[in-house]
Amino acid sequence: MSDIYSNPIGHWVVIAVAMTLLLFVVLTATAYTVWFERVALGRIQRRPGPNRVGPFGLMQLAADGVKLAFKESFVPEKTDKVLYVAAPAIAVAAAFLAWAVIPIGLWYNVQYWIADVNVGILVVFAVSALNVYAIVIGGYASNNKYSLLGGLRSAAQLISYEMSLGLALVPTFMIVGSLRLRDIVEYTVHWGPYVGPIPLIILTPVGFIIYLISAVAETNRAPFDLPEAEQELIGGFLTEYSGLKFVMYYLAEYVNMITVSALAALLFFGGWFLWVVPPVFAFLLKVVLFLFLYIWLRGTFPRLRYDMLMRLGWKVLLPLAMLNVIVTAIILVAVEG
Amino acid sequence: MPDKDKPPEARPEHPTPLRGRDEGVPAKPEGQGTSIAADIGALTKGLRTTLGEFFSPPVTLEYPEEKTPRSERYRGRHYLRRYDNGLERCIGCELCAAACPVGCILVIAAENTEENRISPGERYAKTYEINMLRCIFCGYCEEACPVQAIVLGPEYELSDTSREKFIYTKEKLLEPLPPDVQARLDAKK
Amino acid sequence: MAIAVFFVAAALAVLGGIGVVAFHQPIRSVLSLVVVMLSLSVIFLLLNAQFVFAVQIIVYAGAVMVLFLFVIALLGPARELGRGRLRFQGWLSALFVLVLLGLMWGLLQGVQYRQPDKGDLSFFGTVQSIGVGLFTTYLYPFELTSILLLVAAIGAIYLSRKRIDDV
Amino acid sequence: MSTLNIGGSQLDASWFLLLSAILFVLGAVGVLVRRNPLVILISIELMLNAANLVLVAFSRQLVNIEGQLFALMSMTVAAAEAVVGLAILVDIFRTRDAEDIDDLSEMHG
């Protein structure tokens with residue numbers, strides 16, 4: 001299987017097919033993530049959730065999608081028309097681009113699809129950094145006070161939490177010695193009789209907790225969903241968006257959620273390794289568990305106030321992440337000499 | 001003493017004074033005030049609670065299929081009753097229209113004749129209309145009626161597609177009662 | 001393939017550069033510069049500079065330009081007034097552009113390339129090689145830049161603080 | 001002229017330098033022509049980017065990591081410059097009613 005990638009023509013064929021397939025897989029996964037969220041959130045509130053369209057409400061998203069797609073696609077007066085239309089497109093592009101480097105552990109020898117670059121995780125960060133543009137430009141171009149405030153809030157939030165997110169992963173890189181996502185998953189330890197991959201959360205538990213909190217903040221999810229806070233900002237940067245443009249933002253949010261869950265599974269939970277479970281199912285299982293954690297958090301915690309959010313990011317998570325890097329470095333030097 | 005002569009301090013305070021930041025928040029118990037362990041404990045308690053709820057059965061009813069039972073005395077749409085021999089109970093006295101607080105009942109009475117006997121009394125209701133858009137379902141008409149001609153039934157799903165359809169005419173009101181209401185009224189006799 | 005990628009990216013970069021100068025709203029200028037940066041990052045990737053590519057997007061496009069956006073959003077959409085107090089500046093700059101371009105073209109014609117050092121291209125430009133460079137030979141300038149950043153942060157906080165007397 | 005072997009295809013190193021020259025000149029024009037101080041700052045960033053491209057291109061040409069390291073340093077400098085420059089701008093716009101840099105000239109002569 002691996003020589004498919006080394007053959008120049010086969011390489012491009014694989015990439016073209018993988019891109020198309022991945023687009024549909026991620027789209028479908030997103031649709032069912034939305035379904036999963038609505039059902040799980042419903043169960044947390046002791047109600048059944050959507051169960052009308054199709055068996056168990058599984059076709060709900062198709063119905064919603066059709067409804068939103070047939071809405072009138074209008075641009076409000078006095079907006080910056082070009083930017084208003086471009087912003088949701090940036091959101092979707094940024095959300096999907098990250099999947100170029102995420103190895104999804106398809107089968108035993110095909111662990112990556114599109115690209116296996118040696119700065120993989122940096123590419124994910126780079127692409128997710130572009131998310132800020134979608135939100136800020138959307139808020140700015142809407143020419144609406146609430147949109148602008150939502151956009152600015154989210155820009156501040158994303159920039160502050162991106163630092164903790166990046167620093168939380170540095171210990172992982174230091175232990176593994178590579179930024180390639182495949183290397184991180186396949187990191188092998190020789191512990192006495194045991195030789196093989198381990199979930200790296202054992203080695204970097206603090207990093208995982210910081211990653212978890214920052215990732216929730218980074219994807220603008222509850223309890224850090226200040227940019228869209230309905231109660232105070234009537235939907236934030238989304239206020240003026242409707243129809244397909246709204247769908248694009250919505251899609252981007254859920255794709256980002258899946259991306260972050262997939263990264264957590266890859267970086268801290270051994271990716272596609274799970275006993276005898278076939279790789280792709282093991283990977284899926286871990287991602288779904290993380291998605292459930294997301295929903296669980298959303299169903300449990302109230303939204304943070306803005307100053308609390310900033311305090312948590314700058315005064316707790318960032319110093320903790322730095323300390324984590326330093327301590328890990330010291331331990332590494334002590335162990336490896 | 002006129003109100004304006006009162007000193008402002010003597011005025012009653014606002015019943016719920018506006019709260020400032022952290023004001024009115026119950027004080028944390030001593031000993032476990034700000035420790036991180038207590039905070040994490042609180043967070044995990046919240047997570048445990050929601051997880052418990054997740055695994056307990058839903059408490060909601062799936063409305064169009066399942067409905068909550070109505071009380072016996074529920075006041076829904078109106079019915080006009082008949083005697084067992086088929087005569088209408090309504091004698092066109094217009095007491096219901098007089099009792100109605102919103103004036104949604106229109107009764108136009110006519111004399112009964114020997115050839116055309118509709119109700120046992122002297123007169124009967126030639127026209128009996130209820131504007132359901134105005135009706136507040138207070139049930140005063142039922143109480144006012146001397147012959148128990150009008151009753152309020154259990155139906156509450158009264159939506160329709162045009163305003164005209166909400167003027168319930170006599171034909172519609174004379175529809176037979178739901179059996180359980182009929183049984184209840186029979187038992188009262 | 002690489003040639004096509006280069007020329008597409010270069011064309012985008014030049015278009016973005018023109019956009020920076022030509023757009024009237026500052027926000028469009030900022031976004032044009034973002035386009036330039038993204039195109040340049042692709043070119044960096046072509047040049048075996050993976051780490052510089054990532055830093056270009058994360059730091060430059062993701063943080064510095066967002067700061068610009070932030071300031072524009074804060075100050076509101078200011079449009080430039082076409083007032084002609086210094087109209088001759090336009091002509092002067094055209095002259096300057098021509099001279100500068102000519103000069104650079106001349107330089108490019110006469111460029112002599114030195115023979116490259118021996119180097120392993122598979123290791124070149126990776127994060128490891130950058131790290132080794134930064135923390136051994138170039139530790140001093142690296143530390144200097146960190147101090148520069150600290151000074152800049154303190155300066156920015158000092159400049160943008162809320163003055164008590166004029167609020 | 002020297003060619004670079006990039007991904008199996010030959011690309012002349014001068015192309016990178018030419019692109020960089022064009023971007024640099026565009027940035028310089030922006031600084032000279034535009035009156036909005038924000039856009040002037042943006043143009044300076046454009047010039048810095050052009051310089052970075054030269055650094056990275058020569059780094060690849062000579063297979064020497066120093067060029068990339070210097071490009072990273074210049075990014076840091078650019079970030080610092082942008083932060084301080086924007087802070088000054090915000091301060092100016094807050095304290096004075098200025099539309100563009102012409103309003104900020106203190107000397108009348």
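Each chain gets a letter, A, B and so on, in the order the sequences are listed, and its residues count up from 1. Everything numeric in this text was worked out from a predicted model, so none of it was measured.
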- Please determine which of C/Val20, C/Ile18, C/Val97 meets the side chain to side chain contact (heavy atoms under 4.5 Å, CB included) test together with D/Val29.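 Per the side chain to side chain contact (heavy atoms under 4.5 Å, CB included) rule, the option paired with D/Val29 is C/Val97, out of C/Val20, C/Ile18, C/Val97.
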
Do you know which of [options] has the most heavy-atom pairs under 4.5 Å to chain D?
{"options": "C/Val14, C/Val59, C/Val151", "result": "C/Val14"}
{"options": "C/Leu148, C/Val55, C/Leu40", "result": "C/Leu40"}
{"options": "C/Phe96, C/Trp105, C/Phe7, C/Phe70", "result": "C/Phe7"}
{"options": "C/Pro141, C/Ala22, C/Gly155", "result": "C/Pro141"}

Give, as side chain, backbone, both or neither, the part of [X] having an atom under 4.5 angstrom from any heavy atom of chain D.
{"X": "C/Val36", "value": "side chain"}
{"X": "C/Phe142", "value": "both"}
{"X": "C/Phe68", "value": "both"}
{"X": "C/Leu134", "value": "both"}
{"X": "C/Leu67", "value": "both"}
{"X": "C/Tyr138", "value": "both"}

- Message: Could you walk me through whether C/Phe44 and D/Asn52 satisfy the side chain to side chain contact (heavy atoms under 4.5 Å, CB included) test, starting with their C-alpha distance in whole Å, then the side-chain angles of each, then the deciding distance to 0.1 Å, before giving a yes or no?
- Response: CA-CA 10 Å; C/Phe44 289 163; D/Asn52 274 351; 4.2 Å; yes

With a 4.5 angstrom heavy-atom cut-off, is it the side chain or the backbone of [X] that approaches chain C, or both, or neither?
{"X": "D/Phe24", "value": "side chain"}
{"X": "D/Ser20", "value": "neither"}
{"X": "D/Leu72", "value": "side chain"}
{"X": "D/Leu23", "value": "side chain"}

Please report the interatomic distance [atom1]([X]) to [atom2]([Y]), rounded to the nearest 0.5 Å.
{"X": "C/Ser41", "Y": "D/Leu53", "atom1": "OG", "atom2": "CG", "answer": "11.5 Å"}
{"X": "C/Ser29", "Y": "D/Asn36", "atom1": "OG", "atom2": "CG", "answer": "8.0 Å"}
{"X": "D/Arg60", "Y": "C/Asn48", "atom1": "CZ", "atom2": "CG", "answer": "5.0 Å"}
{"X": "D/Leu46", "Y": "C/Met37", "atom1": "CG", "atom2": "CE", "answer": "8.0 Å"}
{"X": "D/Ile22", "Y": "C/Leu100", "atom1": "CD1", "atom2": "CG", "answer": "12.0 Å"}
{"X": "C/Ser129", "Y": "D/Ile65", "atom1": "OG", "atom2": "CD1", "answer": "3.5 Å"}

- Between C/Gln56 and D/Asn49, does any side-chain donor sit less than 3.5 Å from a side-chain acceptor?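 Side-chain D/A pair, C/Gln56 to D/Asn49: present.
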
Indicate the atoms forming the closest heavy-atom contact of [X] with [Y], along with that distance.
{"X": "C/Ala49", "Y": "D/Val56", "value": "CB-CG1, 3.7 Å"}
{"X": "D/Ile42", "Y": "C/Pro26", "value": "CD1-O, 4.2 Å"}
{"X": "D/Val83", "Y": "C/Ala156", "value": "CG1-CB, 3.2 Å"}

- Heavy-atom side-chain proximity of C/Leu47 to D/Gln61 below 4.5 angstrom: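 Result no, sub-4.5 Å side-chain heavy-atom pair not found.
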
- State, with a plain yes or no, whether a side-chain heavy atom of D/Gln68 is found less than 4.5 Å away from one of C/Phe51.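 Side-chain contact under 4.5 Å: no.
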
- What residue in D/Ser59, D/Gly67, D/Gly85 has the most heavy-atom pairs under 4.5 Å with chain C?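 Greatest number of close heavy-atom pairs with chain C: D/Ser59.
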
- Message: Among D/Ile88, D/Val25, D/Thr76, D/Val84, which residue has the highest count of heavy-atom pairs closer than 4.5 Å to chain C?
- Response: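 Of the candidates given, the most pairs with chain C belong to D/Val25.
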
- Query: What do the steps show when you test D/Leu19 against C/Ile43 for side chain to side chain contact (heavy atoms under 4.5 Å, CB included), and what is the final call?
  - Reply: CA-CA 11 Å; D/Leu19 173 65; C/Ile43 293 176; 3.4 Å; yes

